[in-house]
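Here's the structure we're looking at; comments come further down.
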Amino acid sequence: MIFYSTNKQSTPASLKKATLEGLASDGGLYIPSAIPTFSKEEIALLEDAPFNDIAFAIAKKFNGGEIPDDHLWQIIESCFTFNTPLVELEKNTYVEELFHGPTLAFKDYGARFLAHLTGYFAQEDHTLITILVATSGDTGSAVAYGFKGVPNTRVVLLYPSGKVSRLQEQQLTTVGGNVTALEIYGDFDDCQRLVKQAFMDAELKQRLSLTSANSINISRLIPQTFYYAWGSLQLKARHPGKEALFSVPSGNYGNLTAGVLAKKMGFPIAHFIAGSNANDSVTRYLEEGRYEPHPTIGTLSSAMDVGNPSNFARLRHIYGDDYRAMAADISGHAISDTETLDTIRTVYDRFGYIMDPHTAVGFRALEKFRQANGASTEPAAIMSTAHPAKFIEAIKEALDRDITIPDRLQAVLDRKKIAIPISADYRELTEFLTGLDDR
Ligand SMILES: *Cc1c(COP(=O)(O)O)cnc(C)c1O
């Protein structure tokens, strides 16, 4: 398959090039030259299929033969070793739990697939690829766990000392093996600046085969289409003749973009609800057709605090820059922190189910959608992006109770932190990076 840049200035790329580059050289985001489609017959064949069979069928179309089928299947099998449960809260309302991967958040789907694809392409070229990532928390841990033990790759994470939560720091600093954490005495902007500087250093970039595992990488988006396809087919089996609604708590809108791709591929999806927090530039665009990004506002659903979402360029491109076409498929609702806390409370009271603040935004947005559009008979699933134990403080504030920490998380908290402290000085970073080769 060929991928184009949304800026249309750089040359089209293979899956390999798009994966290893992340961002196109013209600064645009890669999108498939044509969204692959599934016929009714092909979809009927997938209806009772296990998750990984559906994943393979989709990946195959995006791959277009670059990776041999048997190897692609192995990649899928190594990535998706955990379940994607669809939990029924009440008639027609489900939660699709995307948090059963190693870091208890949905970013594991994208990071693991990207890691295995990168490893495959590196091994093909007999190179060792170095992934350099600045992180303020969750992306870094998904990348660290995604690349952990993947041959021909090593990860260097830069995180700001004292500026990530204890749980996040433990997730970043206890992976070991091919993953090294650098504790930067500076803030997140310093970390980003250092990484940027390293990427502009042509000699260093070449010598270490630096790549970024950026969240806009097309190979992080492709695997996110798998759980929409799977979820829509599961819902169809339980509600014959109906198409699904998906409510998606959104920050950079990558998750939502993957959903839109799944719908365009032909999977039985009726409509999307995009829940945002106070960072509502896309919500407003869907209402008014004007896009006015704004400085980021801090909220309880912090992983969605994005004033200028990076994947918006992709969405716009997919809909031919026509906001009415986009609004016909996607309804946006912005949810305040007060509503988020209230939702965690009422969902717990009504169903005995504990939702993290991001999922709660999705739940409330679905309620608002249903209030505005009248009761529908379509089944709806809220995409649950994180395990509530990752946001203990918010749960405590909403429910005034502690929650059980899953064993996996507790094990991470008990492990010994290993991080290399360095100052926010570029020379120190290059000294460390060039020294890597001698280890
Ligand atoms: C990253 C993240 C989101 C936002 O996903 P996007 O693809 O950026 O819209 C939502 N919830 C959680 C828990 C996240 O980590």
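Atom set for the values below is all heavy atoms of this structure, side chains included, hydrogens, waters and symmetry mates excluded. Atoms within each ligand, like the ligands themselves, are counted from 1 in listed order.
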Atom pairs, nitrogen or oxygen, ligand 1 to protein, under 3.5 angstrom:
unit_1	atom_1	unit_2	atom_2	d
ligand 1	7 (O)	Gly254	N	3.2
ligand 1	7 (O)	Asn255	N	2.9
ligand 1	8 (O)	Asn252	N	2.8
ligand 1	9 (O)	Gly251	N	2.7
ligand 1	9 (O)	Asn252	N	3.2
ligand 1	9 (O)	Tyr253	N	2.9
ligand 1	11 (N)	Thr385	OG1	2.8
ligand 1	15 (O)	Lys107	NZ	2.5

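Contact check on Arg238 versus Glu88 returns no salt bridge, with no Lys/Arg side-chain nitrogen under 4.0 Å from an Asp/Glu carboxylate oxygen. A salt bridge between Glu339 and Lys368 is present, with a side-chain N of the basic residue lying under 4.0 Å from a carboxylate O of the acidic one. Ion pairing between Lys417 and Glu169 holds under the 4.0 Å rule for side-chain N and carboxylate O. Checked for salt-bridge contact, Asp187 and Lys163 miss the test: no charged N lies under 4.0 Å from a carboxylate O.
For the pair Lys16 and Tyr120, the NZ or CZ position fails the cation-pi test of under 6.0 Å to the six-membered ring centre and within 45 degrees of the ring normal.
Counting heavy atoms from C-beta outward, Leu157 and Ile131 have side chains that stay 4.5 Å or more apart.
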